[in-house]
Each structure stands twice: as structure tokens, then as C-alpha cells.
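Quick note on labels: first sequence line is chain A, next is B, and so on, each numbered from 1.
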Amino acid sequence: MSKHIQAIRGMHDILPEVMPHWHHLEDNARRILTNYGYAEIRTPIVEMSELFKRSIGEVTDIVEKEMYSFEDRNGDQLSLRPEGTASCVRAVIEHGLVMQTQRLWYRGPMFRHERPQRGRYRQFNQIGAEVFGLTGPDIDLELILLTARLWQDLGLNGLRLELNSLGDPEERRRYREDLVAFLSARRAHLDPESQRRLETNPLRVLDAKHPETQAAIADAPSLLEHLGETSRTHFATIRQGLDQAGIAYRINTRLVRGLDYYNRTVFEWITEDLGAQGTVCAGGRYDGLVEQLGGRATPAVGFALGMERLVELIALAEPTRRARAHAYLVAVGERAEAASMPLAERLRDALPQLCLIRHSGGGSFKSQFKKADKSGARCALILGESELEQDLIGVKSLRDDSGQQQFDFDTLVAFLARELGGDPNQT
RNA sequence: GUGGACGUAGCUCAGGUGGUAGAGCGCAGGAUUGUGAUUCCUGUGGUCGUGGGUUCGAGCCCCAUCGUCCACCCCA
């Protein structure tokens, strides 16, 4: 084993057997995003390190210790992207897309140098959406409803929505003062990491899991009570919309998110079925980020979902999902083997939707039928000496006992056309 | 970065106190010389993660190292 070259720690292969679950997620996500009017954008996976430092925040864990950074040959400091929002904002500014409202989505690998565990990888995939140029709470709501629809269409139940508002920068500054005063008085009861955060990023102390710290901050002041009229209304409107849509949620005043750029709305979708890494999708509003990165002041909201985590949930809900061919072409004997490729191509010409596997490698009828069955195909097409002599093709169903029939080419095409009703890539 | 568990066949795993490796599944073939999925039979399969050490002898004991998993931290 150790003599073989292995995949890098935390960077996993996604094997064919789980691919149907990935396609299930990707197909549904793309369909829903497209139908809501979101346009896809693809950005490089490498950016200037500075981009992430300025957007995510210098004192966040991601920037402090999780980035894959290196120096380019010309001396530039580059990093593999640890998340998608920064790149997306950069691209939007660079191409002048902020001049009009934009609904965008992206998909791709992200990189963070953390210790791997269940649901957490060093290379992992996200689907994200970002909306630029709209301040209204309706767009925050739209994003949440969109994700809720995705879970529904994926067949996922049991995801919990948690919601909070971080207010605007001024409200947060006032709250921060109150909080620092509160925490400083209890400094001795905080764990060392929280004591450090008290200096660097006091809001993050709120979501510390450390039991003693939690006890010490049990009656800490609430950010929601520091919200001004506008923020309060913004939050209330979202809550009304969720109620109206019949989507249950929980207010979590401890929810502050790990990245610095959020304001007002933040939300997470959480599962209990994946162990310690329960957050499957998270997002929020970041009205200051575009300006902070050099664009003209533009409000923005977005979310990102972790594809590995969702795929695991999808597999849990429907373990048997697999790709199935429509037909598997069996050919025994020299003449039949020679005839099978032209036959397969004629069928593909006649039926572009046909998913047909042509047997290769010879073998007896028995062994070819075994392969046909393993492939998951609905039926076997049979080409042997007797079929060749009569200029017919045998068709045997592999999924029921409807027996075997002989068709000429045109009748076979008509028969297969009827079989094509369903999607070959689903169960 | 910290802690714990674990690395034996392609996969899932057995292998009391050290005596030169087993099962199921898979794969190949046969029972059924033109037919799968069921059943029965046969066969195929492993430098026991790697490197050292102790011993007459190590899958088992000791040390180191690499890797995997789970949790902490943090996050999608």
C-alpha cells in the first residue's frame, strides 16, 4: 500500500457507484436555480491570497490556518479558494456586473486545510448562489425558499432551519460594546480560545461549545434587542414570509457565522444525521463586501451548500439509486460479434435518447447475460446465429418474466421507443 | 493543531495466552453445449499498511512511521 501513490489526505475520489446521488443533487439544483432566474458563473479555483484575507477576515480560522497558500513563480501570493463568495464578488466587480441586479450561482471544489472527519474534507464541493443589488428582505426570503424547495425535490426531510439577524454595522458596534463589557466581567470563566476572541472577534464567543463558556454567557445580552427599526422590520418580514410558506424555523441568537462579512440575515440548514458536522447549507446578507473589495456600494445576499454532506443525506434516504441502461446488446459467434457494432450504431441513429451498452469481450451466452443483468439494463438485445439467418433481433426482458420476442429492425426501434419513456439514469 | 479507535483477499470481516493465513460476498468455470437474476458444485484470490526490534519462530509482543475513521477545534 505505502508503495502506491495515494490520494492526498482529505482529498477523496468520488467513485462511479455514488455518482447517481451526485447527479440527483446537481440536476435538481441546476434546474431549480435556473428556473428561479439564477445564471451560472464559473471562476478560477486560484485567486490572490489578499482577496480572501480582505473578504473573509484576517482573524478567522479559515484565513489564519486553513488556506492552501503558495507563492507563484513571479512572487504573487496565491491561494486555493476556501469558499466561493469572494471569487464571485471579485468577478462581478471586475466585469462590471454590479451595474444591474444579478442573480448568480456557481458550483465547484473548495479547499481548506483542516483535519478530515465525517462530512469534512480538505477538498470539498459547494453549490452557492449570490444576489447583487437588492436590499429587500424578499430576496433573502427567496433564497431560503429556494433551498427549501431543493430539499423537498431531493426527498430530504428533517432539515432544521436556524435564523438570526446580525443587524447593521452600527447596531453591531453598539451591541459589541455591551457584549464586551458583559464578557470582560466574566473573563475568568471563559475558555482560553474565547478569551482570545474577546479581543479579536467577541461575537464569535457566542457560539463557543465549551460548556463552562456556555454557562458563563447564558444570560448574555441579545443582539436582536439591539436592532434598530430597519433591521427589525427586515427580520420580521422574512419571518412572516417563512410562516406564510409554511416553513418551520428556529431563532438562534447564538448563530453568528464564521465569516466576517455578514450583516442582518444569517441562516443555516442543519441535520442531526451526519455526526458532528451538521450544517448542510448556510448563508446570509453581506451588504458591505462589494464596496470593501473595491466595487461601488452594492447590497448582496447568498448561500452555499456542502455537496458531500447533502450527497450523504441523499444516499441515506434512497440507498438504491443507480444508473440503468435501457438495453444491453449480447452477440455470440464471430458473425454476430461483427454485426453488433453496426446494429448498435443504427439503433443510436434512430433513437438518440437510447442508453445502450454493447457487449464487448466475447464469451458464452451465459456469461454475456450475466453481464447484461449486472449492468442493470431493462432488457437484453440478442444477436446469435439464428437471428442473423432470419435477419431478426431477440429481445428479452431482464426485469420481469415477459419472456423473449423476435423483432425486425423497424419493429425493434418502435419497441425501444416505447421503453424510453422513463429516465435511464434514475431507479 | 489535540485526543481516541483501527489498518489481514477487489469488498465486509474472523484469526483465546506468538507455531509459516480463513469465511462470506465478488470474480471465473460448470450442473443446464443459445439465456441472466434463484439453487448446487468447483476454481481464483493476501510480500497480514511500511520499516526496524525481541524470539528457534511474529498477523499476534515492542518501537517508529504512513494512512484511515471518529471526536475536539472550526466549518459547507
Side-chain N or O of [X] versus OP1/OP2 of [N]: is the shortest distance under 4.0 Å?
X	N	result
A:Lys371	B:rC27	no
A:Arg197	B:rC74	yes
A:Arg204	B:rC75	yes

Starting from [atom2] on [N], measure out to [atom1] on [X] and report it in whole angstrom.
X	N	atom1	atom2	value
A:Glu268	B:rA76	CD	C1'	9 Å
A:Arg120	B:rC73	CZ	P	10 Å
A:Arg115	B:rG4	CZ	P	11 Å
A:Glu66	B:rA76	CD	C1'	12 Å
A:Leu313	B:rA76	CG	C1'	12 Å
A:Gln6	B:rC66	CD	C1'	8 Å

Any chance you could lay out the salt bridge (charged side-chain N to carboxylate O under 4.0 Å, His left out) test for A:Arg122 and A:Glu114, step after step, and finish with the verdict? CA-CA 6 Å; A:Arg122 290 184 173 180; A:Glu114 303 176 271; over 6 Å; no
From the list [options], which nucleotide is the closest neighbour of the side chain of [X]?
X	options	value
A:Gln117	B:rA37, B:rA28, B:rC73	B:rC73
A:Gln277	B:rG36, B:rC73, B:rC69	B:rC73
A:Ala282	B:rC70, B:rU35, B:rA76	B:rA76
A:Arg309	B:rC75, B:rA28, B:rA71	B:rC75
A:Asp61	B:rC75, B:rC74, B:rG29	B:rC74
A:Asp373	B:rG67, B:rG29, B:rG36	B:rG36

If we ignore hydrogens and angles and just use 3.5 Å, is the side chain of A:Asp287 paired with the main-chain N or O of A:Ala300 as donor and acceptor? yes
Counting Watson-Crick and G-U wobble pairs only, both distances under 3.5 Å, name the nucleotide matched with [N], or none.
N	answer
B:rC69	B:rG4
B:rU47	none
B:rG29	B:rC41
B:rC11	B:rG24
B:rG59	none
B:rG36	none
B:rC74	none

Please give the distance between the [atom1] atoms of [N] and [M] as a whole number of Å.
N	M	atom1	value
B:rU33	B:rU20	C1'	44 Å
B:rC60	B:rU8	C1'	11 Å
B:rC6	B:rC40	P	36 Å
B:rG29	B:rU44	P	15 Å
B:rA21	B:rC62	C1'	23 Å

Considering every strand and a 4.0 Å limit on heavy-atom distances, what is the contact class for A:Gly275: base, sugar-phosphate, or nothing? sugar-phosphate
Using a heavy-atom cut-off of 4.0 Å across all strands, would you classify A:Glu312 as base, sugar-phosphate, or nothing? nothing
Atom CG in A:Leu146, atom CZ in A:Phe303: separation rounded to 0.5 Å? 5.5 Å
Between the base of B:rU35 and the side chain of A:Gln404, is there any donor-acceptor pair under 3.5 Å? yes
Any N or O donor-acceptor pair under 3.5 Å from the base of B:rU35 to the side chain of A:Lys396? yes
Taking CZ in A:Arg254 as the centre, count heavy atoms belonging to other residues, nucleotides or ligands within less than 6.0 Å. Is the count above 12? yes
With a cut-off of 6.0 Å (strictly less than), are more than 12 heavy atoms of other residues, nucleotides or ligands near CG of A:Asp400? yes
Please compare A:Ala304 and A:Lys366 by the position of their nearest nucleotide in RNA chain B and report the one closer to 5'. A:Lys366
Hey, are A:Ser231 and A:Glu171 close enough side-chain-wise for a donor-acceptor pair under 3.5 Å? yes
Cationic tip of A:Arg186 within the cone over A:Phe182's six-membered ring, i.e. under 6.0 Å and within 45° of the normal? yes
